[in-house]
Number of protein chains: 2
Amino acid sequence: MSDRQSLPHAPANADAATLAAALAHTILSGRWACGDTVPRELDLCEHFGVSRNRIRNALATLSACGLIERTAGRGTVVCDISEWHLLDPNMSLWLSRLETPHPRLVNEVFAFRLAAEPYVSELAARAATALDLAQIESAFNGMCDTAHDPAQRSAHIDHDVAFHDAIYRASHNLVWRQMGILLRPSIVALIQRSHHRVDRLDDSLERHRRVLEAIRMRQPDAAREATEHVLARTATDLELSGRPPELRPGVNITP
Amino acid sequence: MSDRQSLPHAPANADAATLAAALAHTILSGRWACGDTVPRELDLCEHFGVSRNRIRNALATLSACGLIERTAGRGTVVCDISEWHLLDPNMSLWLSRLETPHPRLVNEVFAFRLAAEPYVSELAARAATALDLAQIESAFNGMCDTAHDPAQRSAHIDHDVAFHDAIYRASHNLVWRQMGILLRPSIVALIQRSHHRVDRLDDSLERHRRVLEAIRMRQPDAAREATEHVLARTATDLELSGRPPELRPGVNITP
DNA sequence: AATATAATAATGTCTGATATTTACCTCAAC
DNA sequence: GTTGAGGTAAATATCAGACATTATTATATT
C-alpha cells in the first residue's frame, strides 16, 4: 500500500501532463512498487489541488503506458515492470528525466541497441535520402559545437539523440524507426555516468563521424562496423557489467 | 475532409473501447487519410448515440496511439502512418482485425521479423527457463491440435501468436519482448493470405518444432537457423515481393 | 492595405450527481 | 464448518450541462 507520505510534488494547478509525469516518476523510480495501491482519485485531487477530471486524465495516461491497472470497485494498482510499454513516447520522456534510472532498464535497453543498431545503420546506409543525411549531419555538427561546454550539456544530449534517431528514421522501416524512442533514456543515462574526459569525447565524436560518412557513402558494412565502434565506446563509458550480447557469434568488438 | 457518409458503424450504446476500435478501423483501413478532419465531438455523439464523455475517451485512446492529433479550436486531424505507434497493444489488436491489412505495414513488419526474430530465438535458447519452455511447448501443441480443422482457424492463430510471443518473452530482455506485440497482425495477415495446403501446414509445423527443440537444448545457433527456416516458409506463403533484407551479409535463406 | 477587434467554432475543463463494479461483512441453511 | 444469499461500503465509470480556452475567420478601423 502506497502511503500518503510518499505522494509526489507538483506545482499548484498543474496540468494533466505534469501530474502524469509526477505520478509516473514515483513508479519509475520504484517508490511505488508492483502491487501497491495508488491513492484514490479524490485523495489525489485534494493533494494536488486540482479537479477530479485532471487526475483522471493523468491516470488514464499512466494506464495507457501499462504503469497502472484500474478497475471499478477495486481501485488502482501498480503494474510490474514487464507490463510497462517501454516504447510509448511518454515513457521515453519520463525515463530520461529520472536522476537514477532503473539499472535493469539501462542494461537491457543497451543490450538491445548493441544488437540492433549496427543493423539499423546498415539499413540506413542502403536507404538514406539526401534529406536524411542532412539531418544526421546537422545533428552531428550540433554535437561538435556543444561538446566541450559543460553549460551546453543538455543541448549536446539533444543532438546526440537526434543523431541516432535520424539514423533509425533513415532505415525507412516503420518498425525500426519506432525503436528510436528508446534512445533518449539510454543516452541520458550514458552522459550522466560518463566521465566527460576531453580525449574520450573527441574519440566518441570521431566514431560518430565515421558512421555518418559510411551512411553517406552507401557502405552498409562500414556503417555497421562504425556503429559497433560507437556502441563499444558507449559500453565502456557506461561501465556495463556482464558480457554484451553478440549479434553475430564469433564477432568481437574491440573498444 | 472526412465526410459524414463515411462514419463507421457501432452497436447501440457501445463502450469507449468499441468506439475507439470503430474509429481506428476507418483510419487504419485508409478511409480517413492523413490530413483529414475527424467530425467534431458533438456530431460523433449524435451519430453513435452516446455521451460526449465516451467519445472523448475513445478519441483520447486514438490520440495516444498517434492516429489523430487534437488541438483546441482547430479540431481533430488524422496523422500520417509514420506517426502511428505501431507497438501500442491497441494498435496490434486493431491491425489484426483488418480484413485487408496495410500492405506496406505487412511488408515492413515482416522485414523486421526476418531480421530480428532469429536473433531473438538465439537469446531465448540462452535464457529460456523451464516455464518459458512449457509455454512454448503448450502453444506448439495447440498449433498441432488445431492445424487441420478449418473451424479452429481462429484458435490456431492464437496458438501461433502465443508460440512466437513466448519466444520473445523467453529472451528475457524487456525491449525485445515488447516486439512480440507486432506478431498478431503479422501472423493474421499470413494465415489470411496462405493457401492452407496440408503439406505446407505440416512442413510449417515441423519447422516450428525444430525451433522449440533447439531452444530446449540450449543451442543458440540451431535456434537461429530453425527460426530462419520458419520465416522463410512464412515469406513464401506471404508471397512477399522484393528481396528480404539480410541480417548478416552473405547468409542466404533457402526456403 | 495593414492591423486591431470581435464573432465563431472547436476542444478542454469544472462541477455535482448518478451508475456500476468489486470487496467485504453478515447471517442463515445445510 | 462450509456454503450461499443478501446487503453495505468504497472505489472507479459515466453522465449532463455550464464554462474556459484556443484557433480561425470575418469585420471594422485607421
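Model, not experiment: these values are computed from the prediction. In what follows, chains are A, B, ... by sequence order, proteins preceding strands, each numbered from 1.
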Closest to the A:Arg70 side chain, choosing from C:dT13, D:dT14, D:dA13: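 For A:Arg70, the side-chain atoms sit closest to D:dA13.
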
Let's see if you can work this out: which of D:dA18, C:dA10, D:dT12 has an atom nearest to the side-chain heavy atoms of B:Arg40?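 When the side chain of B:Arg40 is considered, C:dA10 is the closest of D:dA18, C:dA10, D:dT12.
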
Any [X] side-chain nitrogen or oxygen under 4.0 Å from OP1 or OP2 of [N]:
| X | N | result |
| --- | --- | --- |
| B:Thr71 | C:dA10 | no |
| B:Arg74 | C:dA10 | no |
| B:Asn57 | D:dA13 | no |

When you check the side-chain N and O atoms of A:His159 and A:Asp145, is any donor under 3.5 Å from an acceptor? no

Testing the 3.5 Å rule here: is there a donor-acceptor pair between the side chains of B:Asp160 and B:His156?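 Checked: B:Asp160/B:His156 side chains show no N/O donor-acceptor pair below 3.5 Å.
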
Pairwise 5' ranking along DNA chain C for A:Ala72 and B:Leu59, keeping only the more 5' one: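 Result: B:Leu59.
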
Which residue lies toward the 5' end of DNA chain D, B:Val50 or A:Gly73, if each is placed at its nearest nucleotide? A:Gly73

Euclidean distance, atom CD of residue A:Glu41 to atom C1' of C:dT15 [Å, nearest integer]: 14 Å

Atom CZ of B:Arg56 to atom C1' of D:dA13: distance rounded to whole Å?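 It works out to 16 Å between those atoms.
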
Is any side-chain N or O of B:Arg52 under 3.5 Å from a base N or O of C:dG12, one able to act as donor and the other as acceptor? yes

